[in-house]
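Heads up: the structure comes next, in structure tokens.
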There are 4 protein chains.
Amino acid sequence: MTAFKTVGIFGRVQNPGVRETLKALVHYLSKLHQDFFVESETACQLNDEKVNIISREDLGAQCNLLIVVGGDGSLLHATHTIIEQDIPVLGINRGSLGFLTDIHPTELKKIQSILAGQYTIEQRFLLTATLQNGNQAINQEDALNEVAIIPDSVPHMIEFEIYIDDQFVCSLNSDGIIIATPTGSTAYALSGGGPILHPELNAIVLVPMFPHSLNSRPIVINAEREIKVKITHNNKTSPRISCDGHAHLSAKPGSTIAIRKKEKKLQLIHPIDYNYYEALRSKLHWGKKIIAS
Amino acid sequence: MTAFKTVGIFGRVQNPGVRETLKALVHYLSKLHQDFFVESETACQLNDEKVNIISREDLGAQCNLLIVVGGDGSLLHATHTIIEQDIPVLGINRGSLGFLTDIHPTELKKIQSILAGQYTIEQRFLLTATLQNGNQAINQEDALNEVAIIPDSVPHMIEFEIYIDDQFVCSLNSDGIIIATPTGSTAYALSGGGPILHPELNAIVLVPMFPHSLNSRPIVINAEREIKVKITHNNKTSPRISCDGHAHLSAKPGSTIAIRKKEKKLQLIHPIDYNYYEALRSKLHWGKKIIAS
Amino acid sequence: MTAFKTVGIFGRVQNPGVRETLKALVHYLSKLHQDFFVESETACQLNDEKVNIISREDLGAQCNLLIVVGGDGSLLHATHTIIEQDIPVLGINRGSLGFLTDIHPTELKKIQSILAGQYTIEQRFLLTATLQNGNQAINQEDALNEVAIIPDSVPHMIEFEIYIDDQFVCSLNSDGIIIATPTGSTAYALSGGGPILHPELNAIVLVPMFPHSLNSRPIVINAEREIKVKITHNNKTSPRISCDGHAHLSAKPGSTIAIRKKEKKLQLIHPIDYNYYEALRSKLHWGKKIIAS
Amino acid sequence: MTAFKTVGIFGRVQNPGVRETLKALVHYLSKLHQDFFVESETACQLNDEKVNIISREDLGAQCNLLIVVGGDGSLLHATHTIIEQDIPVLGINRGSLGFLTDIHPTELKKIQSILAGQYTIEQRFLLTATLQNGNQAINQEDALNEVAIIPDSVPHMIEFEIYIDDQFVCSLNSDGIIIATPTGSTAYALSGGGPILHPELNAIVLVPMFPHSLNSRPIVINAEREIKVKITHNNKTSPRISCDGHAHLSAKPGSTIAIRKKEKKLQLIHPIDYNYYEALRSKLHWGKKIIAS
């Protein structure tokens with residue numbers, strides 16, 4: 001008996017650690033008689049003819065749970081693949097820093113409890129960045145961690161204005177700006193000097209990058225607000241819009257990037273003993289308990 | 001016709017600027033035939049026999065609106081006086097930095113509109129710090145800006161543990177910790193490296209002060225959570241609990257400070273053209289508009 | 001009688017402010033019967049047939065003093081043009097922030113004293129960045145402000161190692177690193193969180209950019225040391241070497257960038273009433289004097 | 001044969017770790033037939049009748065090398081004891097963070113080489129803080145790490161002016177200011193946001209503490225300059241002068257604290273394989289070598 005009829009398996013990175021865990025996972029799920037598919041590129045690493053293979057595009061339609069083997073980067077990648085279908089995601093950590101991938105490779109037996117329905121589910125919101133020319137949307141992309149407006153080529157300053165719900169906030173001359181979710185607050189935004197936002201907060205943090213003015217500070221706002229970044233005509237190049245580290249879109253001088261909370265959320269599965277602060281402590285080497293309880 | 005039957009007037013600081021504005025305000029309200037009382041110590045500055053005087057203790061019971069003349073410090077002070085009675089407060093700025101005191105002394109005519117009912121009211125939450133010995137509450141105090149746990153005498157490090165809703169977060173060795181509301185995020189917490197929190201956020205920021213570990217970072221959490229700071233027995237002195245800059249309470253080694261959102265809120269009155277971002281821009285010298293709208 | 005037989009005039013930026021000051025300067029020097037040349041591109045802005053024109057290449061050989069009209073960017077530019085010839089440089093500030101350009105456009109009369117020999121001369125050192133493949137130098141470039149090792153395309157992290165006088169210092173995963181002179185410490189390095197270095201210091205500051213690890217901190221070292229940045233083979237793109245904001249060189253994975261103090265110095269001319277701290281105060285809006293002296 | 005005729009032994013902290021290492025050290029030096037004295041309070045921990053005991057005051061006169069067992073705090077303490085006599089100091093680390101105490105308790109055999117003359121000696125400069133009323137010196141104290149001007153009681157802001165070689169630098173409203181040597185740059189100044197200064201630098205860093213203005217930044221200056229901190233008459237309490245964490249002196253409003261490099265230096269002994277960057281890496285958890293050499 002299982003809480004999830006069919007499980008999908010996804011591993012983006014190809015390295016011996018990921019391969020070992022993928023094999024162990026396939027073996028473990030088979031033993032539990034759990035139905036599962038392996039994403040086709042992931043399957044290349046397995047070299048196992050018995051597993052059922054599925055294309056990345058079909059993962060969302062065919063699976064009720066996606067297990068990702070890798071680091072936070074792989075889980076970000078998987079999120080973009082299945083976000084429209086509300087498939088819950090569970091991460092097995094093979095990366096160096098795992099805020100999203102809870103299960104340690106040596107703890108696969110925790111998966112049995114999860115399949116038996118013993119888990120918590122946490123919703124993590126995404127941002128949608130829409131590139132606009134005037135009021136006309138040209139293109140858009142999602143981000144689980146952050147949208148960053150960055151120079152097309154370095155070294156260059158960008159000049160832009162920020163609006164929140166169409167209220168002018170400030171103009172900035174800087175290397176860019178990071179607009180991060182609570183999930184992304186422990187990633188790029190943190191290295192830029194931003195605060196940690198607890199994942200239960202419905203909030204967004206704006207972190208200016210290398211601002212010309214020393215008075216620029218991270219600001220945390222309600223996630224229901226719409227942020228607009230207006231690229232002034234004074235820019236000689238077209239800044240790029242980086243969503244979770246992928247910068248496909250260019251924003252011409254005069255264009256606007258509107259950033260808004262996406263309706264669909266990532267359904268992140270945790271084992272029942274999950275503790276956010278414990279994750280923070282171990283990732284950031286925070287001080288351990290002194291007082292015996 | 002007025003939205004507020006009786007107005008109370010309060011000015012904590014004694015200086016020529018405050019006195020001048022107090023006089024102008026008394027003159028202005030008299031001309032409008034608005035009923036008002038002047039707090040007794042404030043009245044000493046006026047030297048005007050015709051004004052009705054009221055004790056600080058009775059302000060909350062007798063007035064429907066409190067007008068504070070001074071800086072943010074004076075408004076903080078007034079808040080502590082009337083917080084239990086839900087009296088709305090309006091600030092006239094005679095201090096150097098005014099995030100809470102909107103009205104410029106040259107704009108007294110804005111008060112007429114406010115008295116006529118044209119204003120917005122914004123709720124700002126406070127924190128209550130309760131000093132506990134075990135589970136027994138010993139004493140408590142409120143803070144609109146921040147609760148700071150600080151050494152009794154400098155220079156001393158404090159060793160303490162932080163819990164959020166009874167979950168252990170981390171231990172710290174530092175000069176202390178600042179726990180600030182959104183209102184306080186632009187005050188002491190900002191100079192300690194904390195982010196700006198928009199006042200509409202139901203969030204609290206924890207800012208470690210001069211932490212021994214470089215990995216310590218400001219963290220923003222849901223304001224509904226209860227924070228406990230446990231002073232370890234290793235401390236040789238008793239750290240103090242500073243609420244809005246007043247440190248009356250000492251926390252012995254082994255005691256706990258529980259910090260929780262207060263139910264009563266400050267009712268802060270703004271003129272209808274009030275804009276939070278404009279206040280930020282002018283106080284922090286942020287970049288002005290470049291694009292003509 | 002003049003301390004400088006022939007003066008060169010250089011203005012890189014073309015805008016009405018620069019043009020106005022160039023004209024005033026030409027008029028002023030003519031009145032003083034001072035010999036001068038105008039750099040050929042600069043002369044286009046003047047549209048004055050009577051002035052003697054000189055090519056940029058010949059500035060160093062023909063002039064005994066170079067007067068730069070513009071901001072710090074223009075003075076940086078001029079420095080690269082004349083650095084090999086030890087020509088002293090004086091800046092007239094038409095930019096927004098001028099740490100290097102002392103003379104205000106309304107104070108041209110200060111130039112008369114300088115031409116009469118009343119000035120101080122301050123040596124500002126430069127860095128030379130040499131791109132090496134193994135021990136073989138491939139290319140090199142100078143920087144008055146800073147050498148920055150930055151990603152070829154954003155967003156990308158760079159992995160590199162730092163050595164000082166061939167001693168291993170640390171490895172870093174970051175958006176790059178800024179290696180700044182005291183002159184550059186108030187420019188890009190400052191917006192990256194670096195300290196201000198007084199110009200008389202023979203020191204260099206290394207500022208990691210958006211470091212993955214929160215323990216990374218700016219470090220200040222003796223300017224006589226040689227810094228090597230080794231680009232690891234794990235990088236998939238070739239980081240670029242930005243010298244004073246110009247990034248002509250690419251450093252392939254496996255290559256090394258050696259950064260060393262240049263022998264030739266910028267000879268920066270100041271009026272005798274020049275005060276470094278006054279410049280800092282006015283540029284950074286530092287607190288003014290309170291105590292009457 | 002030994003490079004140091006008589007060794008002094010000093011351990012300030014009383015705990016099992018220090019005691020164990022003191023015993024091992026006494027045993028080790030006896031075996032080497034090295035003459036040594038144990039400081040009297042330190043000797044209480046040993047409970048060994050055979051050791052020669054010496055008062056703290058006589059350490060400097062009677063010994064040619066001082067071995068300190070403990071952390072950096074103990075070495076700071078020892079420095080104040082022997083600084084006037086030019087006795088070299090060697091530290092055996094029993095504390096948590098040791099930038100000054102090189103020898104690990106398990107490496108006592110390194111001491112044999114040092115006694116045989118195989119060591120490097122590094123000079124670390126101190127600061128002298130002189131409290132002045134007008135031009136009259138009232139009192140003075142030394143600091144190896146830092147002089148900090150701090151409030152007498154928290155929470156309080158201090159208002160003061162900074163002068164360097166009698167040139168006005170800025171006024172500040174803050175929790176105070178830290179003035180640190182390179183040695184102290186990895187201590188309190190680092191937790192206040194200051195840069196790391198390599199110990200070979202003849203430089204001092206000024207780090208404002210929780211400055212009211214966001215434009216305040218650490219500034220590094222030549223160690224030959226004299227810094228004056230003038231406490232304005234606006235202060236209502238007397239700030240204290242903390243030297244290496246001990247705050248014996250109070251600076252009344254109107255008084256001046258002059259800070260100047262001390263002539264006598266700490267002679268710090270290192271084993272010949274000592275490497276400053278390795279110390280930084282291990283203390284601050286900096287990135288390890290990636291490229292095989």
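Within every chain, numbering begins at 1; the chains are lettered A, B, ... in the order of the sequence lines, protein sequences first and strands thereafter.
Between B:Leu190 and D:Phe210, every side-chain heavy-atom pair lies at or beyond the 4.5 Å cut-off.
Residue contact with chain D, scored on non-hydrogen atoms closer than 4.5 Å, involves the backbone and the side chain of B:Met209 alike.
Residues meeting the side chain to side chain donor-acceptor pair (under 3.5 Å) test with B:Thr128, sequence neighbours left out: B:Asp142. Scored by the side chain to side chain donor-acceptor pair (under 3.5 Å) test, D:Ser255 finds no partners at all (sequence neighbours excluded). Legend: residues meeting side chain to side chain contact (heavy atoms under 4.5 Å, CB included) with D:Val13, ordered by chain and number and at least two apart, are D:Asn15, D:Val18, D:Ser74.
The neighbour count for D:Lys283 NZ, taken as heavy atoms of other residues, nucleotides or ligands under 6.0 Å away, is above 12. Other residues, nucleotides and ligands place more than 12 heavy atoms under 6.0 Å from the CZ atom of D:Arg19.
Within residues 228-241 of chain B, the residues having any heavy atom less than 4.5 Å from a heavy atom of chain D are, in residue-number order, B:Arg240.
D:Ser191 and B:Pro211 make their closest contact through CB-O, 3.0 Å (heavy atoms, listed as atom of the first residue, atom of the second, distance).
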